[in-house]
Amino acid sequence: MTPLSETESRDLLEVVESRCSNNSTIFTSQVEPGGWHGKIGSVPIADAILDRTVHNSYTVNIRGEKSMCKRKSVI
């Protein structure tokens with residue numbers, strides 16, 4: 001929800017790099033991949049993360065007038 005610090009960006013890249021081509025990884029985000037640069041912080045690190053995730057991925061976008069919490073509420 002807030003931009004990552006330089007250390008957090010590097011940590012995320014390290015995790016993505018270690019899993020790339022070896023394991024499945026699921027990302028959930030309220031921000032579409034096009035907006036990740038603004039949240040990851042460092043442009044080169046954001047490019048590296050997106051390069052390793054987006055090109056070999058499936059994307060599921062959920063849109064609507066109400067949030068998922070309100071739609072699935074039992075109240």
- [ ] Dump the intermediate steps for side-chain contact (heavy atoms from CB on, under 4.5 Å) on Phe27 and Leu12, then the final yes or no.
- [x] CA-CA 11 Å; Phe27 279 93; Leu12 179 57; 4.1 Å; yes
Task: Min side-chain heavy-atom separation His37-Asp47 under 4.5 Å - done: yes
Task: Value rounded to 0.5 Å, distance of CG in Leu50 from CG in Leu13 - done: 10.5 Å
- [ ] Can you see which heavy atom on Ser57 is nearest to which on Val54, and at what distance?
- [x] OG-O, 2.8 Å
Open item on the list: Evaluate Thr53 against Thr25 for side-chain contact (heavy atoms from CB on, under 4.5 Å), listing each step before the verdict.
Closed with: CA-CA 9 Å; Thr53 56; Thr25 305; over 6 Å; no
Task: NZ/NE/NH1/NH2 to OD/OE distance under 4.0 Å, Arg10 and Glu6 - done: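 Here Arg10 pairs with Glu6 in a salt bridge, since their nearest N and O are under 4.0 Å apart.
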Open item on the list: Is there a path of hydrophobic side-chain contacts, each under 4.5 Å between heavy atoms of I/L/V/M/F/W/Y residues, joining Ile49 to Val15?
Closed with: no
TODO: Examine distances only and state if a side-chain atom of Trp36 and a backbone atom of Ala46 form a donor-acceptor pair shorter than 3.5 Å.
DONE: no
